[in-house]
Amino acid sequence: MRALCPRPLQGFGEGRREGLGRAVVTRAPIPALRPFVKLLWVSDQASTPRLGGPARELVLPTGAMHLVVRLSEHPLRLYEHLDDPIGHVVGHAVVGGARAAAYLRDVSGPARSVGAQLLPGAALLLFGAGADELAGRHTPLEDLWGQCTDAARERLIAAGPAEAQLDAFESLLATRLPRVHGLHPAVAHALERFSTTHEVRRVVKESGYSHRRFIEVFRAAVGLGPKLYCRVLRSREP
């Protein structure tokens, strides 16, 4: 088994990265998507043969939500623990909710995926569910988008090379979003403050909301409660 710790995404930008048998093309979303999408990518993952069982990768939490569509044959398979011999298949199109714990995935076969890291506030508009409802688990996109999920995946496959697939993915996301609505001011303020401080009580006081109401609003947008979100941020600090 190998461990994967996703690098923090430093703003918007385009580029290509290679390593650990993976090539990733990244780029900033179109302006219409930027209130909801932090980064788009296309990833090519080589297979990782392993004697005695499937190869597994430990993916550490980032505190963010992701939408990933696998364009290759193998669907996403997850394992409950290291001794889980079979695991379970989630599907080809998956919403990974914000989480504070690592998870194990199968990397035995090659996989090509297109995906997006989503910003707080996107879940309700894209999926019709609060980020807190999707947090801590992987949800098949079909459960949220219904039968149109398969057609969306086929459209991405047919688009061709990486840049064309990203164009098609952007178009798909744009059609799912209504006109731009701003992030809740209390959440926007808290996210900015948590980049420099982890004093949750002080930030709650600054918001003007009761502690209980602030947690409800924050969790609905981010997927994690403020204390757990700050704990994840601290774990990623050098």
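Values below: every heavy atom of this structure, side chains too, minus hydrogens, waters and symmetry copies. It should be emphasised that the depicted structure is a prediction, and the values quoted were computed from it without experimental measurement.
Judged as a side chain to side chain contact (heavy atoms under 4.5 Å, CB included), and not counting sequence neighbours, the contacts of Pro75 are Val89, His92. For His74, the side chain to side chain contact (heavy atoms under 4.5 Å, CB included) partners are Arg70, Pro110, not counting sequence neighbours. In this view, Asp167 and Arg27 satisfy the side chain to side chain donor-acceptor pair (under 3.5 Å) rule, not counting sequence neighbours.
When side chains are defined from C-beta on, Val68 does not count as touching Leu76, because their heavy atoms never get closer than 4.5 Å. Glu206 has its side chain within reach of Arg193: a pair of non-hydrogen atoms, C-beta onward, lies under 4.5 Å apart.
Ring pair Tyr103/His138: centre-to-centre distance below 6.0 Å. A ring-centre distance under 6.0 Å is found for Phe218 and Tyr229.
Rounding to the nearest 0.5 Å gives a distance of 10.5 Å between CG of Leu134 and CG of Leu126. Atom-to-atom distance recorded for Phe194:CZ and Arg234:CZ is 10.0 Å, nearest 0.5 angstrom.
Side-chain atoms of Ser171 and Arg155 include a donor-acceptor pair closer than 3.5 Å.
Taking each heavy atom of Ala159 and Pro161 in turn, the nearest pair found is O-CD, 3.7 Å.
Within a 6.0 Å sphere centred on CZ of Arg137, other residues, nucleotides and ligands contribute more than 12 heavy atoms.
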